[in-house]
Amino acid sequence: MSSIRNFKEKTSKRKRECYYCGHTISVKEKYKNIEVRYDGRILTFNKCIFCPTADIFELPSTLLKQLKKYE
């Protein structure tokens with residue numbers, strides 16, 4: 001079972017990598033931060049603002065459905 005715990009649009013204070021497309025998120029660039037509770041763990045995903053869809057990644061289907069709500 002998965003559920004979205006937190007969803008924020010933030011400004012990066014350090015270099016990050018987009019989980020979905022691999023794009024480097026530079027300092028002072030906006031990105032989306034998604035926290036998901038999945039199987040009792042908190043998973044954090046960073047997603048760039050201009051990111052394409054996440055269909056190509058092998059995520060558990062219930063988690064993927066939750067993440068698609070915030071695209």
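Taken from CD in E35 to CZ in F7, the straight-line distance is 12.0 Å, to the nearest 0.5 Å. Distance check: L43 CG to Y19 OH gives 8.5 Å after rounding to the nearest 0.5 Å. Here T44 contributes atom OG1 and I34 contributes atom CD1; the two are 10.0 Å apart, rounded to the nearest 0.5 Å.
Heavy atoms only, all atoms of each residue included: C48 and C21 are closest at SG-SG, 3.6 Å.
Qualifying side chain to side chain donor-acceptor pair (under 3.5 Å) partners for E17, counting only residues two or more places apart in sequence or in other chains: none. Judged as a side chain to side chain contact (heavy atoms under 4.5 Å, CB included), and not counting sequence neighbours, K13 has no contacts.
Annotation: side chain of E9 is not in contact with side chain of N33 (no heavy-atom distance under 4.5 Å).
Here I42 sits alone; no ILVMFWY side chain lies under 4.5 Å from its own, so it joins no hydrophobic cluster.
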Please table the atom pairs, donor to acceptor, closer than 3.5 Å between any side-chain atom in residues 23-31 and protein atoms at least two apart or in another chain.
from	atom 1	to	atom 2	distance (Å)
E29	OE1	S26	N	2.9
Y31	OH	R16	NE	3.2
Y31	OH	R16	NH2	3.4

